[in-house]
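Here's the structure we're looking at; comments come further down.
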Amino acid sequence: MERHPVHGLVTVAQHIIEQQRNHPTATGQFSWLLSGITLATKIIESYVRRAGITNVLGETGESNVQGELVQKLDMIANETIVRCLGYRGNIGILVSEEEDEPRIVKNSSGSGNYIVLFDPLDGSSNIDVNVSIGTIFSILHKREDVWPSDGPEKHVLQPGIRQLAAGYVVYGSSTVLAYTTGDGVHMFTLNPDIGAFVLHQESVRMPDVGKTYSINEAYRASFPKGIQDYLEWAKTDNYSQRYIGSLVADFHRTLLRGGVFLYPPTKKSPEGKLRLLYEANPMAFLAEQAGGAATDGQHRIMEKNPQHMHERTPLIIGSKSEVERVHEFLEKG
Ligand code: AHG
Ligand code: MN
Ligand code: MN
């Protein structure tokens with residue numbers, strides 16, 4: 001798209017509206033919804049940047065549905081997103097990593113048709129040590145074939161191929177938003193001086209090869225044999241290993257530099273640790289839109305039919321040829 005930048009500045013709001021023009025059926029509803037998400041991430045970013053001096057570090061003392069200790073910033077991020085999206089009028093259901101059940105959003109105009117699924121703060125274990133963390137989101141449309149009497153789960157449990165949009169914000173050395181609506185992956189950097197996400201890269205392509213693997217090798221002994229064999233091979237072929245422990249940060253690096261991120265089944269997490277609906281599916285959409293691939297070791301992530309809201313999945317995601325090579329070892333395994 002030929003750009004006529006005003007002073008070279010294209011904000012995410014402008015970009016979303018331009019993207020709408022590629023979807024004649026899309027209405028301004030969608031850009032209104034996405035602007036609610038970007039607003040929420042700007043508020044979360046302001047907490048993250050001051051975490052150490054605004055008493056938001058540490059744990060709340062509670063555990064969530066995942067059985068994980070909830071960090072204060074997890075809850076602040078969750079409440080911020082719920083508040084920013086709850087009054088947008090066109091959202092019907094919110095699904096959060098931090099909430100057991102789907103949240104039905106009711107407002108004067110009835111209930112909206114969009115579903116927003118999100119991990120409000122990804123990489124919580126890194127908050128207190130100032131390592132990059134992030135927010136992940138995925139957007140679905142309510143299903144047409146669900147009776148009002150059916151519970152919200154029927155709307156929520158849709159395969160990743162039905163996503164209308166997906167994205168993340170990584171709160172790193174700079175705050176970067178990446179999103180896709182199915183027309184490529186586009187990246188924006190938050191300019192704190194003007195409080196706007198400004199376009200810095202359109203149609204990002206993931207390098208098809210990348211000699212970096214990203215995995216928590218502490219669990220090596222309980223990985224499937226094919227994964228163990230792949231890791232041994234990679235070491236003989238001069239791969240480097242990078243692991244930040246925040247999916248958003250590890251994925252962001254993989255998207256830009258190529259390589260492969262793996263969270264296989266382990267003894268502790270036999271289904272894998274990462275959640276299908278609001279971690280694996282959005283990242284898989286972005287990876288595929290950038291020319292990469294995402295599987296669970298057997299199936300394409302985006303074709304998995306979820307059975308439960310907080311369902312976990314193994315995840316192998318990155319450069320197409322790197323994911324294919326992991327599969328070769330799994331098949332031999
Ligand atoms: P969350 O903080 O939302 O629970 O996600 C943490 C996830 C993911 O960000 C990361 O890839 C993974 O946990 C790291 O797990 P290990 O500490 O087991 O390596
Ligand atoms: Mn997470
Ligand atoms: Mn989280």
Side-chain angles (χ1 to χ4, degrees), residues 40-41 44 47-48 51 56-60 62-82 94-100 116-138 166-172 178 212-223 227 231 241-255 259-284 286-287 294 296 301 309-318:
T41 60
I44 294 167
Y47 280 107
V48 167
V56 295
L57 292 180
E59 294 160 359
T60 58
E62 285 140 41
S63 295
N64 62 16
V65 63
Q66 323 284 343
E68 292 157 351
L69 280 175
V70 178
Q71 304 294 321
K72 286 180 195 163
L73 216 43
D74 282 325
M75 287 326 290
I76 290 171
N78 189 58
E79 284 153 20
T80 300
I81 295 175
V82 169
L94 292 175
V95 170
S96 169
E97 176 192 71
E98 299 301 334
E99 301 193 352
D100 303 9
V116 182
L117 308 96
F118 56 94
D119 177 356
L121 207 80
D122 173 68
S124 306
S125 60
N126 283 324
I127 295 171
D128 291 5
V129 292
N130 199 27
V131 170
S132 298
I133 50 182
T135 297
I136 310 171
F137 63 89
S138 167
Y168 61 80
V169 172
V170 53
Y171 311 109
T212 300
Y213 66 84
S214 183
I215 191 169
N216 184 339
E217 288 199 80
Y219 308 130
R220 187 194 170 287
S222 60
F223 290 155
I227 298 290
L231 295 175
Q241 195 266 1
R242 291 283 184 278
Y243 195 72
I244 300 165
S246 298
L247 171 63
V248 181
D250 282 316
F251 178 75
H252 187 66
R253 180 199 59 249
T254 306
L255 177 60
V260 60
F261 171 90
L262 310 94
Y263 207 110
T266 65
K267 202 159 147 207
K268 190 176 157 193
S269 310
E271 292 306 312
K273 175 182 182 183
L274 300 173
R275 279 63 48 139
L276 176 60
L277 287 183
Y278 41 78
E279 287 177 314
N281 267 339
M283 293 319 203
L286 290 158
D296 64 2
I301 287 287
M309 208 171 98
H310 298 292
E311 173 175 324
R312 298 176 190 264
T313 176
L315 180 62
I316 299 166
I317 188 167

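Nothing fancy with the numbering, it's 1 onward along the sequence. In this text, all values refer to a predicted model and were calculated from it rather than measured experimentally. When a ligand or atom number is given, it counts from 1 through the structure's own listing order.
Using a 3.5 Å distance cut-off with no hydrogens or angles, the side chains of Asn126 and Ser246 do pair a donor with an acceptor. Side-chain contact check for Ser269 and Arg312: no donor-acceptor pair (N or O, by modelled atom type) lies under 3.5 Å.
At least one N or O atom of Glu97, backbone or side chain, sits closer than 3.5 Å to an N or O atom of ligand 1. Note: no N/O pair closer than 3.5 Å links Phe261 and ligand 1 by distance alone. For Leu247, a nitrogen or oxygen atom sits less than 3.5 Å from a nitrogen or oxygen atom of ligand 1, counting backbone and side chain alike.
Atom 4 (O) of ligand 1 has its closest protein heavy atom at Arg275 NH2, 3.1 Å. Nearest non-hydrogen protein atom to atom 18 (O) of ligand 1 is Tyr263 OH, 2.6 Å. For atom 13 (O) of ligand 1, the nearest non-hydrogen atom of the protein is Lys273 NZ, 3.0 Å. Nearest non-hydrogen protein atom to atom 7 (C) of ligand 1 is Leu274 CD2, 3.8 Å. Nearest non-hydrogen protein atom to atom 14 (C) of ligand 1 is Tyr243 OH, 3.3 Å. The protein heavy-atom contact nearest to atom 10 (C) of ligand 1 is Gly245 O, 3.3 Å. Here the protein heavy atom with the shortest distance to atom 1 (P) of ligand 1 is Gly123 N, 3.6 Å.
Of the options Ile136, Leu117, Leu286, Ile301, a side chain to side chain contact (heavy atoms under 4.5 Å, CB included) to Asn281 is made by Ile301 and by none of the others.
Distance CG/Leu276 to CD/Glu311: 5.5 Å, rounded to 0.5 Å. Atoms CG and CG, from Asp122 and Leu247 in turn, are 5.0 Å apart once rounded to the nearest 0.5 Å. Atom OG1 in Thr80 sits 5.5 Å away from atom CD1 in Ile44 (nearest 0.5 Å).
Of all atoms in ligand 1, numbered sequentially from 1 with element shown, those under 4.0 Å from a heavy atom of Asn216 are 16 (P), 19 (O). Of all the atoms in ligand 1, the ones that sit under 4.0 Å from a non-hydrogen atom of Leu121 are 2 (O), 3 (O). Proximity to Ser124 (heavy-atom distance under 4.0 Å) selects the following atoms of ligand 1: 2 (O). Close approach of ligand 1 to Tyr219 (heavy-atom distance below 4.0 Å) involves ligand atoms 18 (O). Taking every heavy atom of Asp119 and a limit of under 4.0 angstrom, the matching atoms of ligand 1 come to 3 (O).
Scanning all heavy atoms of the two residues, the minimum distance from Val248 to Thr135 falls at CG2-N, 4.4 Å. Listed here is the closest heavy atom pair of Thr254 and Ile317: CG2-O, 4.2 Å.
No more than 12 heavy atoms of other residues, nucleotides or ligands shown are found within 6.0 angstrom of OH on Tyr47. Other residues, nucleotides and ligands contribute at most 12 non-hydrogen atoms within 6.0 Å of the CD atom of Glu271.
Within Glu279, OE2 is the N, O or S atom that lies nearest to the Mn ion (ligand 2). When the N, O or S atoms of Asp122 are ranked by distance to the Mn ion (ligand 2), OD1 comes first. As for Asp119, its N/O/S atom nearest the Mn ion (ligand 2) is the one called OD2. The N, O or S atom of Glu97 lying closest to the Mn ion (ligand 3) is OE1.
Residue contacts with ligand 1 include Glu279, since one or more of its heavy atoms lies under 4.0 Å from the ligand.
Residue Leu121 counts as close to the Mn ion (ligand 3), with an N, O or S atom under 2.8 Å.
Taking the six-membered ring where the residue is Trp, Tyr263 and Phe261 present tilted rings, their angle falling between 30° and 60°.
Between Val95 and Phe118, every side-chain heavy-atom pair lies at or beyond the 4.5 Å cut-off. Using a 4.5 Å cut-off on side-chain heavy atoms (C-beta onward), Leu274 and Met283 make no contact.
The closest non-hydrogen atom to atom 6 (C) of ligand 1, taken over Asp74, Asn126, Asp122, comes from Asp122.
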